[in-house]
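One structure below.
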Amino acid sequence: MMRLDFVPGTLCDERMWGRLLPLLGDGFEFNHIPLHKARSRARMQELISAHAAPKANLVAFSLGAYLAVEFALTNPDRVNSLVIIASSAKGLQEKEKATRLRIIPLLEKNHYTGMTQMRLREILAPEHMDDPAIVDVIQAMAVELGKDVLLTQFRTTIERPDLMSRTGELQCPLMIVASEQDKLVPAGDVREFTTYNPAAQLHMLTEGSGHMIPLEAPQALAKHLLAFYA
């Protein structure tokens, strides 16, 4: 039985994968990295190291995918395969950095009640804005993981070195799944993976998903994962 180690994104936990896992069948063992427990960038890497298999098949989303690339570059002997979802290795766009720097003082001063409609519009395809199967999961994670986790993850990961040119060093099988409609991660940035790592499999979803691919497009993601591991 193949074990998959899942690394979630900002303000996410194992619920992020809830719509995907039933579609993968019973040939896998699922393990989740509790990224939300980290209070520093170094601790995030320690959690991946401590909770992932000795030779891990990492399936990583958004912030988790950036951290997984960092982990694989630092610990090549620990990573058997790597799947990157809704992420580039370039770090955050300037616009997204500015958004976060604006949000941090507001979060510090105010009670946090979950994602705003404005933020949901940035991370979801328009057709999913009113889908409770998606929105309710995002809001439950946001409210339960809470303000302190969000502030920690924003503060400690806002500066991300551009690792794209180093992705050619990755020797393990690599697959990237991204969305053309993702407002946080430019499709052009994602395509650069294959410039530096021509062996990487790249799948760009053209419709039906914004940034939150595991929740928005679980069928498409499951299909690509099953083909990759076959």
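Nothing fancy with the numbering, it's 1 onward along the sequence. These numbers come from a predicted model, not from an experiment.
Annotation: the span from Phe71 atom CZ to Leu58 atom CG amounts to 6.5 Å, rounded to 0.5 Å. Atoms CG and OG, from Asp189 and Ser88 in turn, are 4.5 Å apart once rounded to the nearest 0.5 Å.
For the side chain to side chain donor-acceptor pair (under 3.5 Å) criterion with Glu70, the lone passing option out of Arg160, Gln45, Arg166 is Gln45. For the side chain to side chain contact (heavy atoms under 4.5 Å, CB included) test with Ile123, the passing option among Leu215, Asp182, Leu184 is Leu184; the others fail.
A ring-centre distance under 6.0 Å is found for Phe28 and Tyr229.
Annotation: salt bridge (Lys or Arg N to Asp or Glu O under 4.0 Å) contacts of Glu207 (sequence neighbours excluded): none.
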Handout entry: Steps toward salt bridge (Lys or Arg N to Asp or Glu O under 4.0 Å) verdict (Lys90, Glu96)
Key = CA-CA 13 Å; Lys90 292 186 94 153; Glu96 178 60 18; over 6 Å; no
Practice task
Report the C-alpha distance between Asp5 and Ile48 in whole Å, list the side-chain angles of each, state the deciding distance to 0.1 Å, and finish with yes or no for side-chain contact (heavy atoms from CB on, under 4.5 Å).
Solution key: CA-CA 9 Å; Asp5 289 299; Ile48 296 173; over 6 Å; no
Practice task
Starting from the C-alpha separation in whole Å, work towards a yes-or-no answer on salt bridge (Lys or Arg N to Asp or Glu O under 4.0 Å) for Glu144 and Arg15.
Solution key: CA-CA 11 Å; Glu144 287 168 41; Arg15 286 171 281 190; 2.8 Å; yes
Exercise for the section: List the steps and the verdict of salt bridge (Lys or Arg N to Asp or Glu O under 4.0 Å) for Arg155 and Glu108. Expected result: CA-CA 12 Å; Arg155 287 191 193 117; Glu108 288 167 341; 2.7 Å; yes
Handout entry: Test side-chain contact (heavy atoms from CB on, under 4.5 Å) applied to Lys97 and Arg100, step by step
Key = CA-CA 5 Å; Lys97 275 195 209 172; Arg100 293 181 179 204; 5.9 Å; no
Practice task
Determine, step by step, whether Lys95 and Glu122 satisfy the salt bridge (Lys or Arg N to Asp or Glu O under 4.0 Å) criterion, reporting the C-alpha distance in whole Å, the side-chain angles of both residues, the deciding distance to 0.1 Å, and the verdict.
Solution key: CA-CA 12 Å; Lys95 180 173 161 238; Glu122 287 173 343; 5.5 Å; no
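Side-chain contact check for Tyr66 versus Pro161: some heavy-atom pair is nearer than 4.5 Å. Using a 4.5 Å heavy-atom threshold, the side chains of Leu47 and Lys37 count as touching. The closest side-chain heavy-atom distance from Leu20 to Phe6 is below 4.5 Å.
No continuous path of hydrophobic side-chain contacts links Ile134 to Val143 [ILVMFWY only; heavy atoms under 4.5 Å].
For Lys55, the NZ atom is densely surrounded, since the number of other residues' heavy atoms within 6.0 Å is greater than 12.
Between Phe61 and His211, the ring-plane angle classifies as tilted under the 30° and 60° cut-offs.
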